[in-house]
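Heads up: the structure comes next, in structure tokens.
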Amino acid sequence: SGILVINGNAKFSGTVTFNGIIYVIGTLTMTGTVTTNGSIVAESSAEADTTLSGTVNINFNLSQIENALTNVQFLSKQIVSWNEM
């Protein structure tokens, strides 16, 4: 749950459930049984290169988005995880 920002391409496969906001700076591939409650933003090239297959459920859920955004106020105080390549 929360806000997931991926700087690059992302692939979700298998059984995945996520509540909140997923922001992908690159292409997004979802296969298998993927359920998201909230919203997804995927930046990519001008061509559509987002792939969905299997059972993918994207449920817009304002409550989950609001819950994710309430945690943003704490980011300036504490970084939970950081990975730079």
Side-chain angles (χ1 to χ4, degrees):
S1 295
I3 301 174
L4 176 61
V5 179
I6 301 168
N7 186 13
N9 300 329
K11 181 176 183 179
F12 294 87
S13 63
T15 303
V16 178
T17 301
F18 187 84
N19 298 317
I21 302 167
I22 298 174
Y23 184 84
V24 179
I25 304 168
T27 61
L28 173 63
T29 303
M30 294 182 158
T31 60
T33 305
V34 180
T35 302
T36 60
N37 300 301
S39 70
I40 297 175
V41 177
E43 291 184 26
S44 57
S45 63
E47 298 178 17
D49 49 11
T50 297
T51 304
L52 305 175
S53 64
T55 306
V56 178
N57 296 302
I58 302 171
N59 305 308
F60 176 80
N61 186 316
L62 185 58
S63 173
Q64 292 294 342
I65 294 169
E66 290 172 340
N67 287 341
L69 291 175
T70 59
N71 294 323
V72 172
Q73 65 183 326
F74 302 112
L75 288 178
S76 64
K77 298 177 184 176
Q78 179 181 10
I79 296 175
V80 176
S81 177
W82 185 268
N83 182 14
E84 188 170 329
M85 295 181 182

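Residues: numbered from 1 along the sequence shown.
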**Selection residues 9-21 - residue pairs positive for side-chain hydrogen bond (donor to acceptor under 3.5 Å, both in side chains), sequence neighbours left out** = N9-T27, N19-N37
**Qualifying residues under side chain to side chain contact (heavy atoms under 4.5 Å, CB included), relative to F60, sequence neighbours excluded** = L62, I65
**Where A68 and G20 come nearest, the two heavy atoms and their spacing** = CB-CA, 4.1 Å
**Asked** Who passes side chain to side chain contact (heavy atoms under 4.5 Å, CB included) against A10, sequence neighbours left out?
**Response** I6, F12, V24, L28
**Request:** Mind checking the CD1-CG spacing from I22 to L4? Nearest 0.5 Å is all I need.
**Result:** 6.0 Å
**Fill in**
When rounded to the nearest 0.5 Å, the distance separating CG of N57 from OG1 of T36 is 8.0 Å
**Item:** pair V56-T31: side-chain heavy atoms closer than 4.5 Å
**Value:** no
**Rounded distance (nearest 0.5 Å) linking atom OG1 of T35 with atom CE of M30** = 9.5 Å
